[in-house]
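Data block below; observations after.
For ligands, and for the atoms within them, numbers begin at 1 and follow the listed sequence. Side chains are part of it too, since the values below use all heavy atoms of this structure and drop only hydrogens, waters and symmetry mates. This chain uses plain numbering: 1 for the first residue, then up along the sequence.
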Amino acid sequence: MTDTPEKINLLGLSPAKMEAFFADLGEKRFRAQQMLKWIHQLGEADFEKMTNMGKGLRAKLAEVSEIRLPEVVYHDVSKDGTQKWVMRMPGGSSIETVYIPEKERGTLCVSSQIGCALDCSFCSTGKQGFNRDLSVAEIIGQVFVAAMSFDKPGERRERKITNVVMMGMGEPLLNFDNVVDSMNLMMDDNAYGLSKRRVTLSTSGVVPMMDKLGDVTDVSLAVSLHAPNDELRNKLVPINKKYPLKELIAATNRYLSKLPDRRKATIEYTMMEGVNDEMEHAVELSELMKQVPCKINLIPFNPFPNSGYKRPSNNRLYRFRDYLVNQGHIVTIRSTRGDDIDAACGQLVGRVEDRTRRSERYINAIQLDNIDSEQTQEGPSL
Ligand code: SAH
Ligand code: SF4
């Protein structure tokens with residue numbers, strides 16, 4: 001038996017923590033940068049191949065640390081190029097990650113928790129309840145695995161992942177520190193080097209954490225609204241009872257005001273037939289959204305067994321969108337991608353054996369396409 005599990009997993013060290021780690025070893029700062037590059041840019045997990053680190057240092061590293069990757073139990077590529085990975089985490093539960101290629105960019109949808117405690121009525125991740133937070137290594141490991149699938153270890157890879165959205169399983173603001181550290185790695189020039197505009201955190205509205213987020217980072221923000229009034233939102237997104245719309249809108253504006261540029265929030269609105277897709281909802285939503293600089297992303301409900309909700313017809317979707325566009329809003333309808341591999345997030349996890357607790361479960365159905373689909377329609381600016 002080795003003592004492997006107790007070794008520090010360098011995969012999960014943020015740039016600041018990597019520096020601290022090397023400082024503890026009595027090494028200079030540039031070693032941290034070299035290590036970040038080996039791991040995240042070159043996909044190298046073998047210390048022996050890190051030739052710019054001396055032999056002695058490599059031996060020391062192997063003694064106290066390791067680069068432990070997530071266990072991929074499923075990977076598939078859809079006809080349209082969408083890719084999906086299911087990764088089994090220690091403990092047996094699985095999470096999933098989806099890559100969506102488009103003409104000008106490639107978006108990776110990343111999970112932040114196993115399950116979710118917030119229990120939104122239309123979300124199958126919510127239906128499975130909360131299991132646990134993902135560690136930094138488990139979050140950034142999803143980016144590592146996806147990035148590496150485009151290249152071989154040790155080679156400089158093409159930058160196929162241009163955008164990351166924290167829209168997989170879980171509420172990222174409830175796993176705050178690990179999500180912030182992971183996003184810092186995504187944006188660090190020695191790691192994935194993504195622009196802060198191209199890393200998006202999606203939240204159902206954990207207001208105090210939105211303020212905290214604005215104090216430590218300037219990533220793009222997506223807010224899962226789904227209803228234009230408190231009465232309906234209380235039913236769909238229960239956290240609204242704690243942080244109602246007025247507070248959520250104010251917190252969104254506070255976040256935007258801290259950004260160094262004039263970025264808009266993305267407002268996600270999952271459309272469910274007869275629930276929140278009537279014209280009266282469009283009217284109410286339009287008024288509410290005049291209070292926030294935003295683009296509205298309409299997400300057709302992604303059905304899953306026994307959800308009790310239906311995806312609206314295209315006519316209803318377009319009618320809703322057209323009203324908003326005519327009112328001057330920027331609106332996208334999220335397109336469905338990767339249907340042939342169940343790439344809509346969550347649909348697959350339940351089919352891959354889960355040894356710990358839910359082998360028979362057909363888990364969930366988060367829609368995972370890019371937040372800016374090609375169907376963007378811009379109205380006159382507000
Ligand atoms: N917890 C965060 C991020 C993960 S969910 C949040 O709620 O924002 C990512 C997006 O998918 C959210 O907007 C969520 O409301 C939406 N979603 C969840 N279940 C869905 C479903 N069945 N169909 C369509 N969208 C869904
Ligand atoms: Fe959690 Fe987001 Fe699903 Fe709500 S929609 S239950 S916050 S993952």
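At a heavy-atom cutoff of 4.0 Å, ligand 1 is contacted by no atom of Tyr309, backbone or side chain. Contacts with ligand 1 closer than 4.0 Å are made by side-chain heavy atoms of His226 only, the backbone lying farther away. With a 4.0 Å heavy-atom cut-off, ligand 1 is reached by the side chain of Ile299 but not by its N, CA, C or O. The part of Thr203 lying near ligand 1 is the backbone, judged by heavy-atom distances below 4.0 Å.
Salt bridge annotation for Lys258-Asp218: absent, with no cationic side-chain nitrogen under 4.0 angstrom from a carboxylate oxygen. Comment: Arg319 does not engage Asp277 in a salt bridge, judged by the lack of any side-chain N to carboxylate O separation of less than 4.0 angstrom. Salt-bridge annotation for Asp230 and Lys241: absent, with no side-chain N of the basic residue lying under 4.0 Å from a carboxylate O of the acidic one.
Within ligand 2, the atoms closer than 4.0 Å to a non-hydrogen atom of Gly126 are 6 (S), numbered from 1 in the order shown. Shown in contact with Ser204 at under 4.0 Å from a heavy atom are these atoms of ligand 2, numbered in order with element: 7 (S). For ligand 1 and Glu268, the ligand atoms under 4.0 Å from any heavy atom of the residue are 10 (C), 12 (C), 13 (O). Under a 4.0 Å criterion applied to the non-hydrogen atoms of Asp119, ligand 2 contributes the atoms 6 (S). Per-residue contacts place Gly170 under 4.0 angstrom from the following atoms of ligand 1 (heavy atoms of the residue considered): 1 (N), 2 (C), 3 (C), 4 (C).
Applying the side chain to side chain donor-acceptor pair (under 3.5 Å) rule to Glu247 yields no partners; only residues at least two apart in sequence or on another chain are considered.
Put simply, no part of Ser224 is less than 4.0 Å from ligand 2, judged by heavy atoms.
A donor-acceptor contact shorter than 3.5 Å is absent between the side chain of Gln41 and the backbone of Trp38. The closest donor-acceptor contact from the side chain of Asn276 to the backbone of Met272 lies under 3.5 Å.
Annotation: cation-pi pair Lys212/Phe176 present, NZ/CZ under 6.0 Å from the ring centroid and within 45° of its normal.
Between atom 4 (C) of ligand 1 and the options Cys123, Gly168, Ser202, Gly126, the minimum heavy-atom separation is to Gly168. When Pro172, Pro300, Ser224 are ranked by how near their heavy atoms come to atom 8 (O) of ligand 1, first place goes to Ser224. For the residues Ser111, Ser112, Cys116, the heavy atom positioned nearest atom 8 (S) of ligand 2 is part of Cys116.
No N or O atom of Arg334 sits closer than 3.5 Å to an N or O atom of ligand 1.
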Under the ring-ring contact (aromatic ring centres under 6.0 Å, His included) criterion, do Tyr192 and Phe144 qualify, and how do the steps go? CA-CA 9 Å; Tyr192 298 95; Phe144 180 100; 7.7 Å; no

Decide yes or no on side-chain contact (heavy atoms from CB on, under 4.5 Å) for Val237 and Cys120, but give the supporting numbers first. CA-CA 5 Å; Val237 186; Cys120 300; 3.9 Å; yes

Pair up each side-chain donor or acceptor in residues 9-20 with any protein partner under 3.5 Å, not counting sequence neighbours, and list the distances.
from	atom 1	to	atom 2	distance (Å)
Asn9	OD1	Leu11	N	3.2
Asn9	OD1	Arg68	N	2.8
Asn9	ND2	Arg68	O	3.1
Ser14	OG	Lys17	N	3.2
Lys17	NZ	Asp181	OD2	2.7
Glu19	OE1	Arg29	NE	3.4
Glu19	OE2	Arg29	NE	3.1

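Using a cut-off of 2.8 Å, one finds that Cys120 contributes an N/O/S atom close to atom 4 (Fe) of ligand 2.
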